[in-house]
Every structure is written in structure tokens, then in C-alpha cells.
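As C-alpha cells, the structure follows; a few thoughts come after it.
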Amino acid sequence: MSENPAIDNLLHETRSFPPPEELAANANLKADAYDEADADYEAWWAKQGERLTWDTEPTQTLDWSNAPFAKWYSGGKLNAAYNAVDRHVEAGKGDKVAYYFEGEPGDTREITYSDLKDEISRGANALTELGVKAGDTVAIYMPMIPETIFAMLSCARIGAVHMVVFGGFAADSLATRINDCGAKVVITADGGYRRGKPAGLKDTVDAALEKTPDVHSVLVVRRTGQDTPMTDGRDRWWDEFVDGQSAEHTPEAFDAEHPLYIMYTSGTTGKPKGILHTTAGYLVGCSYTQWALFDLKDDDIYWTAADVGWVTGHSYIVYGPLVNGATSVLYEGTPDTPHQGRWWEIIDKYKVSLLYCAPTVIRMFMKWGEEIPAKYDLSTLRVMGSVGEPINPEAYVWYRRVIGHDNAPVVDTWWQTETGSVMISPLPGVTAAKPGSAMRPIPGISADVVDERGESVPNGSGGYLVVTKPWPSMLRTIWGDDDRYVDTYWSRFDGKYFAGDGAKKDEDGDIWLLGRVDDVMNVSGHRMSTTEIESALVSHPKVAEAAVVGASDETTGQAVVAFVILRGGAEDDGDATVQELRNHVAREISPIAKPRQVMVVPELPKTRSGKIMRRLLQDIAEKRDIGDVTTLADSTVMDQIQKKLTGGA
Ligand code: 6R9
């Protein structure tokens with residue numbers, strides 16, 4: 001890892017930013033929280049369990065007797081949607097705004113907690129009429145509009161398991177996920193607005209459904225009004241079917257471990273993993289962390305600028321803020337539509353006080369220039385979060401200075417789809433945060449950096465990030481594949497959760513994340529597997545073999561770089577082939593997986609056992625001198641590749 005100069009720079013970073021005094025004095029969590037949680041972590045989580053309203057109180061906080069299969073809050077019964085919505089209405093907060101929705105074209109909607117209760121009650125009745133029962137899975141493929149949240153909570157209300165697929169995924173990816181989780185009902189929209197234009201979604205669903213024999217019903221929200229063919233007997237308009245339902249619905253209490261949702265994420269093989277989250281522990285994890293890490297107060301206006309289709313959206317647009325009874329902003333579109341100041345205009349307009357986003361977008365704003373945010377009033381911002389990838393110190397300092405008027409703390413939050421909620425982060429009212437470091441596990445979480453043998457490394461050394469104790473919002477398994485769950489996360493280091501990330505402890509013991517140690521890339525904060533993109537490439541008739549690496553990229557963190565060998569007889573017409581292959585990946589997986597570069601090469605570097613040596617390809621992609629080639633089966637391969645790429649062959 002020390003071969004990477006960027007990471008060495010990172011570790012020479014010495015700046016640190018203590019919390020503003022007023023925030024520190026009134027912080028939701030103070031320094032003593034660490035001691036209290038360390039003294040008895042189960043008692044700490046039992047106390048956090050009191051954030052929820054239980055139909056039946058739990059009798060045991062953690063049951064780890066069948067490790068690594070955890071049960072949290074055993075014996076407890078509750079309803080997730082009741083906790084997110086109804087109980088706030090019952091407590092007299094029905095008129096509080098749950099969401100300020102801002103559509104990309106500029107249309108707006110205010111949704112109060114009472115409105116939300118009516119919407120999801122109708123949704124629950126509608127799903128019931130379609131035959132959906134507790135434990136059934138429902139696929140959701142939507143733009144960033146309020147109905148996406150209504151759909152998720154309607155499922156939760158009747159104990160159905162939602163499986164949201166990010167609206168950027170292609171038909172094949174959608175079909176694979178629908179089939180893997182066994183969904184029979186799909187909720188979608190005609191389309192959504194993206195960069196000033198309506199972009200279709202229902203057409204992708206129609207294509208996917210050619211490969212999903214079990215889906216019998218599709219609910220379609222009208223968003224763009226674009227021409228949308230409907231299949232008789234299968235497809236129904238949301239506004240005709242759902243809006244006509246009764247707004248009365250009594251939520252049933254389910255077991256604390258009742259499945260809440262499945263979210264697919266990329267692993268090291270081509271097959272995506274269905275990460276399963278269950279009810280009570282997950283809700284505790286995301287409500288506790290949103291409250292603690294953003295120092296959430298009743299009058300805050302909170303904005304997670306992410307897509308609901310990713311875990312960040314599930315935990316910090318939907319469940320965390322709602323369980324806490326917070327007011328959030330929900331924005332449909334891109335940051336540069338219709339102009340590059342759109343985000344700052346939104347913060348100014350709604351007086352956003354807490355902002356959560358990804359480093360990749362911060363780096364993009366840096367490129368656009370600080371005169372753009374300077375035109376808006378951002379003085380309401382109190383705490384700002386970063387998530388999805390390591391934040392480089394320069395982006396951190398810019399974010400804090402230009403957006404956070406040099407006094408809003410930045411919390412660099414490390415977590416994963418699998419962890420459900422934030423694990424490692426500064427506390428905004430306690431920590432003197434260092435730019436580029438996620439600092440320490442939050443109170444209640446135990447994590448460490450270990451060497452190959454699983455031994456804790458001393459301060460000043462690097463290794464693998466592990467979580468050493470179970471936590472409430474942890475994944476419970478990989479859907480339908482308990483063995484893969486055990487193998488992937490719990491086998492490498494005995495009794496410890498292996499996150500797949502490299503990390504280093506500095507001299508103070510603070511943690512610096514160094515990126516993935518497996519074949520997973522992180523492009524603009526999106527997780528992508530090299531194998532998945534390689535299989536998409538070889539599915540093209542012109543391609544014989546493909547190898548994909550993540551090369552460091554100034555804006556997106558990493559970028560997809562592909563090396564391909566063409567089939568004998570396939571014509572290499574230079575740019576045209578490259579474009580064709582790039583578009584092919586976008587079509588097969590998603591535009592976010594589209595390679596930045598495709599290089600046509602005569603051979604790929606392989607070990608004697610036939611493994612592609614991605615490290616050498618990465619050297620080429622990042623324009624470094626080629627490292628050690630002695631383990632190659634054919635040591636001339638790298639020369640051949642270099643010659644071809646420099647136009648010599
Ligand atoms: C929430 C989310 C998880 C992977 C994770 C790591 C990277 C996330 C990070 C970070 C450094 C941070 N990651 N947050 N790396 N610093 N603050 O992003 O989930 O999409 O599952 O990605 O993202 O590599 O393993 P997910």
C-alpha cells in the first residue's frame with residue numbers, strides 16, 4: 001500500500017479542527033459516551049433501543065449464540081413504519097414537515113408526517129390488494145421522488161421486504177436482482193428528470209420483465225408524463241390504484257428480526273450480493289448515528305444528497321431521519337441542472353443546517369470554482385458529513401472552508417451497505433478531526449486494524465480493517481446464501497468481521513481508510529466489481545478476454561480502465577471499437593460502470609497459475625513504471641502491451 005504516493009501524502013497530514021465551542025457545549029453526545037459504551041457495550045445498545053416504540057419490549061439485547069448469525073433485541077415486536085411515521089403524528093407532530101421535495105424542473109412539494117401516514121396507509125392497502133404478504137419481497141425501481149419513500153414504507157408497514165434497485169441500473173441488472181430475491185411485484189415510474197430531460201424507467205422494467213417469469217404486478221407512478229405502454233392485467237397506474245385506497249391502516253407488530261430490506265451490492269465475484277437488513281437493530285443503528293453524528297436537533301433541516309437507491313439513501317434519507325422525526329430535503333436531480341449553483345440554492349432556500357454527501361461531488365464543486373457557492377447564503381450549515389470513499393485532505397479543507405464557513409465540523413463517516421449505519425467517524429461536538437481520517441469507531445462500535453494473522457497492528461502501521469464486536473445494524477446474511485455470508489465476512493479472521501478495506505492507525509491510534517483490498521472498485525462512491533465489468537465486456541462478440549482495474553482519478557476517486565483482447569477475426573478499428581465497448585458496458589450494467597478507457601492489447605499479464613496480474617495493469621493505467629514482472633508466465637507480455645499502446649505494434 002505504501003507504493004501509492006497519494007496515500008503517503010495523506011499520512012503526513014497534520015492539520016486538525018476542534019469543534020466550535022457552542023456546538024461542543026450543547027452536543028447530543030459528549031466525550032463520556034465513549035467510556036459509557038466501552039464499559040458495557042450491550043448496555044449501551046440496550047439504551048439506544050429505547051429510541052424505538054415497541055409493541056412488545058425485547059427480553060435480550062444481543063443473542064450471539066449462533067455467531068456470526070446475530071439476533072438483536074430478541075423477543076421485541078414493533079412496526080418499522082409506525083416508528084418512522086405514526087408515532088410522531090400521535091405525539092402531536094403531524095404538521096411537522098418530513099420532506100421538502102424539490103424536483104429537478106423546479107416543482108416542489110411539502111410532505112408532513114400526517115401526509116406521510118396517509119400515503120403509506122394507502123400504499124399498504126394497495127399492496128395487500130395485490131396479494132403482497134409479510135415476508136414477500138417487492139422490487140422498487142424509481143427516480144428520487146416522494147413516492148419512492150412511500151413505496152418503501154408501505155412495504156415495511158405490512159412486513160414486506162423491499163428491494164430497491166438504483167434507477168441507473170440496466171434491464172439485465174434489474175432482472176437478475178428481481179429473480180434472486182423472488183419479487184413478484186415491481187414499483188416503478190414512467191420516468192424521472194435527469195439533466196433537464198425526462199429519462200424513462202418503465203421501458204427498462206418492461207425489458208427486465210421479459211426475464212422475470214414470476215412478476216405478476218407492476219405499479220407505475222406518473223412523474224414525467226412521457227409515453228408509457230401499459231400491459232393489461234399486469235400494470236397499474238399508482239395514482240389510479242393507490243390514491244383510491246383508504247387512508248386507514250392498522251400497522252401490525254413484527255418480530256425485531258423480521259427482514260426489512262435487501263440491497264444488492266458488488267462483491268468480488270460477478271454475482272451481486274443481496275445484503276439483508278432486519279428491523280429493530282437496523283432502525284436503532286441509523287437513528288442513533290444520525291442523531292449523534294449530525295448532532296440532530298428538533299429544528300434542524302437535514303439533507304442527504306444521495307440517491308435513495310443506495311444504502312446511504314435508505315439509512316439517511318429514509319429510516320434514520322424519519323425514526324428521529326426530522327425534517328429532510330429530497331432533491332430529484334443533478335447538481336448542475338439548470339446551473340452549477342443548484343445545491344447551494346437549495347441550502348439557501350430551505351435553510352439546510354446538516355448536509356451529507358460524497359467526496360466525489362465535493363471535488364467536482366472544487367473544479368467548478370468557489371465563486372459559485374459564494375453567491376448563496378450557506379450560513380445555516382452546522383455539521384457536514386462525507387461518505388462513500390476516502391476524502392482527500394484538500395477536498396475536506398475546501399468543503400469546510402468554502403461550504404462550511406470554516407467552522408462547521410466535517411464528519412468523515414466510514415461504513416458499508418453491510419454495516420447498515422456509520423461505524424467510524426468523528427463526533428462533531430467532541431473530536432478534533434483530522435482531514436482525511438475517519439478517526440475512531442463511534443461509541444458502541446469496536447473496530448481495529450489487523451495484520452495478515454489477525455493481530456492488532458501497533459500505532460503507525462497499516463493492515464486490514466475489522467470490526468471486533470457485533471453491532472445492531474449489521475447485515476444478517478447474504479440473501480439465500482448463508483455460506484457466502486460466513487466465507488466473505490467472517491472466515492478470514494477468526495471471530496472478526498472483515499470489511500474488505502485497508503486502513504492505517506496513525507501515531508495517535510486514529511484510523512485512515514486506504515481503499516479496498518479486494519477486487520472491488522469505488523467510482524464516485526459507487527461500488528463496482530472488476531469481475532462484473534469483465535463479464536460484461538466478454539459478453540460482447542468482439543471480445544475474447546478482458547481485465548478491469550480501478551485507476552486513481554482526480555474527480556471520481558477511481559475510474560474504470562479496461563484492457564481487452566479482441567477475438568481472432570474481430571476488426572480493431574481503433575476508436576470505434578473502444579466506443580462500442582464502453583457503450584456496451586453502460587448498456588449491460590449501468591452508465592456508472594462505463595470504462596473511462598478501453599485499451600485493446602495483444603495479451604494480458606498472467607501468473608503461471610493463470611491469474612491476471614491486475615497490479616501491473618494498474619501501473620499502466622496510472623502511468624507508473626511497471627513493477628516486478630518475475631512472476632509472469634511470459635515475461636515479454638508487458639513489453640508487447642507497452643509497444644501496442646505507444647503505437648509501436
Ligand atoms: C456507505 C457506503 C462501502 C465502501 C467501503 C469503503 C468505502 C465508504 C468511506 C469509505 C473511506 C469513508 N467507504 N465510506 N472509504 N472513507 N468515509 O458507501 O456503502 O456503497 O457499500 O461502500 O465504500 O471502501 O468498504 P457502500
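Any value given below was found using the heavy atoms of this structure, including those in side chains, with hydrogens, waters and symmetry copies removed. By convention here, the first residue in the shown sequence is residue 1. Both ligands and their constituent atoms are indexed starting at 1 by order of listing.
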Q: Please step through side-chain hydrogen bond (donor to acceptor under 3.5 Å, both in side chains) for the pair D448 and S456, ending with a clear verdict.
A: CA-CA 7 Å; D448 200 358; S456 180; 2.8 Å; yes
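- Classification of the Y41-W72 ring pair by plane angle, with boundaries at 30° and 60°, yields perpendicular.
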Q) Are E418 and R527 close enough, and set up right, to give a salt bridge (Lys or Arg N to Asp or Glu O under 4.0 Å), and what steps lead you there? A) CA-CA 12 Å; E418 292 87 339; R527 254 166 89 167; 3.0 Å; yes
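- For the 3.5 Å distance criterion, the side chains of R51 and N83 fail to qualify, holding no donor opposite an acceptor.
- For R492 and Y464, the positive end sits near the middle of the six-membered ring, less than 6.0 Å away and at most 45° from its axis.
- For ligand 1, the 4.0 Å heavy-atom shell contains residues V311, T312, V387, G388, E389, P390, D412, T413, W414, W415, Q416, T417, D501, L513, R516, N522, R527.
- Ring centroid separation for the pair Y331 and W343 does not come in under the 6.0 Å cut-off.
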